[in-house]
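Each chain gets a letter, A, B and so on, in the order the sequences are listed, and its residues count up from 1.
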Protein chains: 2
Amino acid sequence: MGKAKTGVDRRTPTIADVAARAEVSLSTVSRVMNGSTTVDAALAERVREAALALGYSASPLARSLVLGKTQTLAVVVPDLGNPTFQGALRGLSDGASEKGYHVLVADSHERAADERELAIEARRRCDGIVLCAPRMPAEELDEILPLLAPVVVINRDPGRADVPSVFADYRSGLTQMLQHVYDLGHRHLVYLEGSENAASNRNRLAAIHEFGATHDDVRIDVVPGGVGFEDGYSAAQSVVGTGATAAIAFNDLAAMGLLNALTEQGVRVPQDVSITGFDDIPFARYTTPPLTTAAVPVEELGAQAWERVWALLNGRTPAYNLSFGPLVVARGSTGPAPAA
Amino acid sequence: MGKAKTGVDRRTPTIADVAARAEVSLSTVSRVMNGSTTVDAALAERVREAALALGYSASPLARSLVLGKTQTLAVVVPDLGNPTFQGALRGLSDGASEKGYHVLVADSHERAADERELAIEARRRCDGIVLCAPRMPAEELDEILPLLAPVVVINRDPGRADVPSVFADYRSGLTQMLQHVYDLGHRHLVYLEGSENAASNRNRLAAIHEFGATHDDVRIDVVPGGVGFEDGYSAAQSVVGTGATAAIAFNDLAAMGLLNALTEQGVRVPQDVSITGFDDIPFARYTTPPLTTAAVPVEELGAQAWERVWALLNGRTPAYNLSFGPLVVARGSTGPAPAA
DNA sequence: ATGGTGAGAGAAAGCGTTTTCTCAACCCTA
DNA sequence: TAGGGTTGAGAAAACGCTTTCTCTCACCAT
C-alpha cells in the first residue's frame, strides 16, 4: 500500500498548486484571492481559473495563524439541554453567522469547577468568548475575565466595568412577580430555590428578603429546589408542607415539575396553590394551566451579546450594558388566594 | 498611544519565550510539552518552570496547522431552536468533550440552499463533520458527502455505503403509530405533513401509503402542516375540515400547536379527536392531555453519531449504521374513536 | 587507544497562508 | 536620452508550532 504516484491525488490543493498551475508566484495568487487590485487583469483571470479548476480555497487554519484571527466565537453554557441557554445560543449564533463568524460551543454541565478551564481552552481557539457561568464564584470570575478578553458575560453581572455584559434583572423580575401574587391576595408564599451558589439565585433571594422586609403581612418560606423538572417535581412535598398558597419557582422548568407533581396529588392549580415560573420558555404557555412567568427575552439576550463581542472585535466600545427587566406574564397558573 | 516598550508585555507567550527563559532550544520545549521521554530530567524541570512562570500553553492554531488536526468537530443542524436537534447536539457535544474534542455548530435555519456551503465551510475548520440536513436533495447530498469525509449523517439515510449514519426509522415509527390509532378504533385519519421535501416526511408518507394499501377500511387524508408550533396551530381548520377522528402530526411541536388550537375551539382531545406527535421531546409529557408520541432517543442518536466520527477519526471502521425504531408512547392525547 | 553505539539536544525544514521588501520594467517629463 | 516615479510581480520573512535531521559527547566493548 505504498503511496503510488497516481496522477491525481486526493490531497486538498494548496496555494502552491494554484500558483504552479497558473504559472505565477504564491504572492500573486494570494493577492488575487484577497481581491487586491494591484494585479494584472489577465494574470488574475488565469489565477481564478486555476483556483476553480483545482477547487481551491485557502486553508482557514493557515489563514488564521498569519492573520491572528479565527473568525470564530466561543460560547460557554452551563447546560445545552436548558431552553434558556438554547435560546441565548441561538440568538448568538444567528448574529455571528450573519457576520461570517463561526460558533464553538462548550457545555460545562453545570460543573462550576470545569468552567474555568473550559472557557480558557475554548477561548484560545477563538477571537472572543461569550461566557455564561452562573455558578462560578465571583472571585474566580473576576480572576479569569482578563485572560478571556475580548469577552462578554451573559446572565450575570461581571462586577467589572471593563467587561460588557447582558443579563436579566432577576431581582426586579422577581419583585414584580412577588407583587403579582401579593396583589392576588396571597400572604404566605414559598420560594423554590435554584442552585444555592448561583448568582441569579442570590438575586432572587435579595428580592425576596427586600419584599419580606417591606411587607410585614407576608410570610415567605424558602425551600430547596433546583433548576430542572425533576427538582421541581420532587420538591412538591416540601412546598405543600409549608402551607403556602403561592409557590415561586426558580424557573419555568422547576415550576412545570412542581405543577405536575401537585396536579398528580390532587392539589388544584391555581385554586389551591398558585405557581409561578421564570424565563418564559417556549413551552410555558402550553402547560395546563398555562404558566405565569417572568419573561426573559433569551434570544434577544444572545443577540445583544453578539453585538457586544462584535463591537469589541472591531475595537469599538460596545454599547451600554444591558439589563433586561423581565416582564410578568400572568397566565392561568396564578389566581386569587383561596379564602382562609 | 504608541506601543511603549514596557518591560512586561501582554502578548501571549510563545514557545520561543519559554525556550529563551529556560535557555534551551525550541525543540526541547516542544518535546517536554508533549511528554517526550528523551529529554534530561533537569532540563525538563527547567522548561516546565519557565512555562508555568510565563503561563504558556501551545497555540492550538499553530499546533493544528502542523499536526493537520484541529481537535474540533463540525455539526450542522437545521434549527437550533428545535428540541430534536438540541438533543442530538447535546449527545454529540457530550461525547466529543469527553475525548477532548470541541464542537463547532452551524445552524442552517432550515434553508436547504445554505446547507451545502455551510457544511463545506464548517468542515474545513474541523477534523470531521456530523451533518443533519433533512431537506437537502438526495443528489446534492450524494455529491457533497465525499468532500466532507470523515462525515456521518444523522436523521436520514445517506444512501451510500461508505458514509456512516444514525437515524430514526420514521417509517416503522409511523406505521406503529398508525396501528396504535387503528387499534383504538379510528378509521378516518389525517396526516399533518411536515416539509414536503424533507426526507423524514417522505418516510412517513411511505408508511401512510403502505398502511392505506393494506387496510381498505381506513381512510387517511394528508394536509399541509409544518415543523413548528405555529404550523400545527394554524392547521387546525383543515384538520377539522377533514372530519377525521385522529390527527397524526409530523412531530411533537406541530402536535402541540394543533392540540392548543383544537382545545381553544372547544374540540375535546381525545374524546372528539385523538392527536399524536413524533419524537417525544421532553415537553411532550407535560401537555394536557399528555401527548401520545413515537419516542426517538435523540440524545442517544447524537452520542452514537459521535462514536462513529470518533471511529472514523481514528482510522477505524465505524460500527454498523444505526436505525432506531421509534417506540410508541401512548399517553392521554389518544383515545378510543368516538362512536360514529 | 579506537571504533561503534546510543542518548540527548540543537538546527532547520515544513505546515499554508499573508505581507513586506525588493526589483525590474515601463511611462512620463525635462 | 537620462532620470524619477509608477506599476506589477516575485522572493522571502513571518505566524507558532512539531519533527526530522544532524551533531556532540559519553560510554562500552574490542
Side-chain angles (χ1 to χ4, degrees), chain A residues 3 9-51 54-72 100 121 123-127, chain B residues 3 9-51 54-72 100 121 123-127:
Chain A
K3 303 188 165 195
D9 60 348
R10 228 66 207 91
R11 176 179 67 83
T12 61
T14 79
I15 195 172
D17 298 323
V18 179
R21 187 177 232 263
E23 299 183 298
V24 297
S25 72
L26 305 188
S27 336
T28 301
V29 177
S30 176
R31 283 194 270 258
V32 172
M33 302 301 292
N34 294 305
S36 167
T37 121
T38 151
V39 46
D40 186 82
L43 269 201
E45 189 48 35
R46 234 164 65 210
V47 168
R48 265 187 288 272
E49 268 174 18
L54 262 34
Y56 169 80
S57 93
S59 150
L61 227 53
R63 214 145 182 285
S64 295
L65 183 60
V66 57
L67 258 19
K69 49 174 59 184
T70 60
Q71 298 271 99
T72 305
E121 167 71 8
R123 171 63 182 82
R124 293 224 54 192
R125 316 184 159 259
C126 302
D127 299 340
Chain B
K3 303 189 165 193
D9 62 347
R10 229 64 206 93
R11 177 179 67 80
T12 61
T14 78
I15 195 173
D17 298 322
V18 179
R21 186 178 233 263
E23 299 182 299
V24 297
S25 72
L26 306 188
S27 335
T28 301
V29 177
S30 176
R31 283 194 269 258
V32 172
M33 302 302 291
N34 294 305
S36 166
T37 133
T38 151
V39 47
D40 185 83
L43 269 201
E45 188 48 34
R46 235 163 66 207
V47 169
R48 265 188 288 271
E49 268 173 19
L54 262 33
Y56 170 80
S57 92
S59 149
L61 226 53
R63 215 147 181 285
S64 295
L65 184 59
V66 57
L67 257 19
K69 48 173 60 182
T70 60
Q71 298 270 100
T72 305
E121 167 71 9
R123 171 62 182 83
R124 294 224 53 193
R125 318 183 158 261
C126 302
D127 299 340

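Residues from residues 14-26 of chain B that place a heavy atom under 4.0 Å from any atom of DNA chain C, listed by number: Val24(B), Ser25(B). Taken residue by residue, residues 54-69 of chain A places heavy atoms nearer than 4.0 Å to DNA chain D at Leu65(A), Val66(A).
With hydrogens and angles left out, the side-chain atoms of Thr38(A) and Arg31(A) include no donor and acceptor closer than 3.5 Å. A donor and an acceptor atom, one from each side chain of Arg125(B) and Thr72(B), are nowhere located under 3.5 Å apart. Side-chain contact check for Ser30(A) and Ser27(A): no donor-acceptor pair (N or O, by modelled atom type) lies under 3.5 Å.
In this entry the distance linking CE of Met33(A) with C1' of dT19(C) reads 16 Å, nearest Å. Rounded to a whole Å, the CZ atom of Arg31(B) is 10 Å from the C1' atom of dT18(D). To the nearest angstrom, P of dT17(C) lies 16 Å from CD of Gln71(A). With rounding to whole Å, Asp40(A) atom CG is found 11 Å from dG10(D) atom P.
Comparing the helix axis at one end of the helix from dA1(C)-dT30(D) to dA30(C)-dT1(D) with that at the other, each defined from 5 consecutive pairs, gives an inter-axis angle of 60° (nearest 10°).
Using a 4.0 Å cut-off between charged nitrogen and carboxylate oxygen, Glu45(B) and Arg48(B) count as a salt-bridge pair.
With hydrogens and angles ignored, no donor-acceptor pair closer than 3.5 Å exists between the side chain of Thr38(B) and the base of dA9(C).
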